[in-house]
*Asks:* 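Pasting in a structure now, in structure tokens, and then I'll have a few things to ask.
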Amino acid sequence: QQQVKQSPQSLIVQKGGISIINCAYENTAFDYFPWYQQFPGKGPALLIAIRPDVSEKKEGRFTISFNKSAKQFSLHIMDSQPGDSATYFCAASFGRHAGNNRKLIWGLGTSLAVNP
Amino acid sequence: DAGITQSPRHKVTETGTPVTLRCHQTENHRYMYWYRQDPGHGLRLIHYSYGVKDTDKGEVSDGYSVSRSKTEDFLLTLESATSSQTSVYFCAILDGIYGYTFGSGTRLTVV
């Protein structure tokens with residue numbers, strides 16, 4: 001059962017525009033929400049993450065917005081650049097402190113293309 | 001990639017043959033994971049390890065086995081490869097409490 005629903009599946013944005021990717025979750029036990037960025041031929045790399053006790057986190061051009069009541073979180077890429085073209089995955093994690101009792105549930109990914 | 005090396009990077013094998021993929025890490029991380037990535041399915045956990053000789057199944061473990069005889073090496077074995085196991089396989093380590101670091105992947109084609 002897919003517990004983290006990601007949309008859209010693909011996204012095309014013009015250079016300088018704002019890219020927005022959304023994720024919705026069901027399990028209220030999730031307590032950590034990372035976003036991963038993956039370039040072709042590479043493994044996913046952690047981009048930015050948020051805990052549910054804050055509503056927004058910003059790192060450079062990347063911002064996570066978190067709506068706990070709606071069980072939704074989104075990634076905003078400001079001033080999108082062609083170098084941002086990649087696949088983006090949201091995820092949600094829950095469980096005991098670390099390791100084998102902590103589970104990470106992935107969204108299915110969004111393929112972003114930023115046109116020059 | 002934070003000291004994670006996957007080998008081979010590419011492999012073509014025939015149906016019914018055994019295949020072993022290797023993940024090697026240099027930073028003494030306790031937790032290691034094997035994922036497969038397929039279009040439309042995202043990343044799916046196959047097996048993971050929480051220490052030497054300590055492993056457990058993920059959500060798509062059928063047809064796969066793993067071994068971890070040393071902290072630095074986590075092996076994924078396809079006992080008898082099938083076409084449905086054609087995929088890109090990623091190894092990952094738990095870096096800190098929550099962060100996962102992935103290797104560059106192995107592209108496996110079963111013909």
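Remember, predicted model here, so these are calculated numbers, not experimental data. Protein chains get the first letters and strands the later ones, always in sequence-line order, with residue 1 at the start of each. All values below come from the heavy atoms of this structure, side chains included, with hydrogens, waters and symmetry mates left out.
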*Asks:* Can you say whether E59(B) sits under 4.5 Å from chain A via the side chain, the backbone, both, or neither, judging by heavy atoms?
*Replies:*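 Neither; nothing under 4.5 Å.
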*Asks:* Give the cluster check for V111(B) versus L78(B): same hydrophobic cluster or not, with ILVMFWY residues linked at side-chain heavy-atom distances below 4.5 Å.
*Replies:*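 In one cluster with V111(B): L78(B), no.
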*Asks:* Just verifying a value: how many Å separate L104(A) CG and Y48(B) OH, rounded to the nearest 0.5 Å?
*Replies:*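 Answer rounded to 0.5 Å: 12.5 Å.
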*Asks:* Any chance the rings of F102(B) and W106(A) have centres within less than 6.0 Å?
*Replies:*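 F102(B) vs W106(A): aromatic centres under 6.0 Å.
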*Asks:* Are V114(A) and F62(A) in one and the same hydrophobic cluster, where Ile, Leu, Val, Met, Phe, Trp and Tyr link if side-chain heavy atoms are under 4.5 Å apart?
*Replies:*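 Yes, it is one cluster - the side chains of V114(A) and F62(A) are joined through contacts under 4.5 Å.
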*Asks:* Do you reckon I20(A) sits in the same ILVMFWY cluster as L108(A), going by side-chain contacts under 4.5 Å, direct or chained?
*Replies:*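 I20(A) and L108(A): separate clusters.
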*Asks:* Kindly check if the number of other-residue, nucleotide or ligand heavy atoms within 6.0 Å of CD (Q9(A)) is above 12?
*Replies:*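 Not buried by this count: 12 neighbours or fewer within 6.0 Å.
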*Asks:* When hydrophobic residues are tied together by side-chain contacts of less than 4.5 Å, even through go-betweens, does F73(A) share a cluster with V54(A)?
*Replies:*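 Yes, F73(A) connects to V54(A) through the hydrophobic network.
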*Asks:* Going by the salt bridge (Lys or Arg N to Asp or Glu O under 4.0 Å) test, which pairs reach into residues 101-111 of chain B, not counting sequence neighbours?
*Replies:*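 Residue pairs with at least one partner in residues 101-111 of chain B: there are none.
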*Asks:* Sub-4.5 Å heavy-atom contacts with chain B: which residues of residues 31-38 of chain A show up?
*Replies:*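 Heavy-atom contacts from residues 31-38 of chain A to chain B are Y32(A), Y36(A), Q38(A).
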*Asks:* Can you tell me how far the CD1 atom of I105(A) sits from the CG atom of L45(B), to the nearest 0.5 Å?
*Replies:*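 Rounded to the nearest 0.5 Å, the CD1-CG separation comes out at 9.0 Å.
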*Asks:* Hey, any chance I77(A) and L11(A) share a hydrophobic cluster, counting ILVMFWY side chains that come within less than 4.5 Å of each other, even indirectly?
*Replies:*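 In one cluster with I77(A): L11(A), yes.
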*Asks:* List for me each residue that meets salt bridge (Lys or Arg N to Asp or Glu O under 4.0 Å) alongside D56(B), sequence neighbours excluded, and say none if there are none.
*Replies:*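 Per chain and number, D56(B) pairs via salt bridge (Lys or Arg N to Asp or Glu O under 4.0 Å) with no residue.
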*Asks:* Search all heavy atoms of L43(B) against all heavy atoms of P44(A) and return the closest pair with its distance.
*Replies:*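 What the structure gives for the nearest pair is CD1-CG, 3.8 Å.
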*Asks:* My understanding is that only residues two or more places apart in sequence, or in another chain, count here; which of them pass salt bridge (Lys or Arg N to Asp or Glu O under 4.0 Å) with K70(B)?
*Replies:*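 K70(B) satisfies salt bridge (Lys or Arg N to Asp or Glu O under 4.0 Å) with D73(B) once adjacent residues are dropped.
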*Asks:* Can you see which heavy atom on F89(A) is nearest to which on Q37(B), and at what distance?
*Replies:*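 The answer is CZ-NE2, 3.1 Å.
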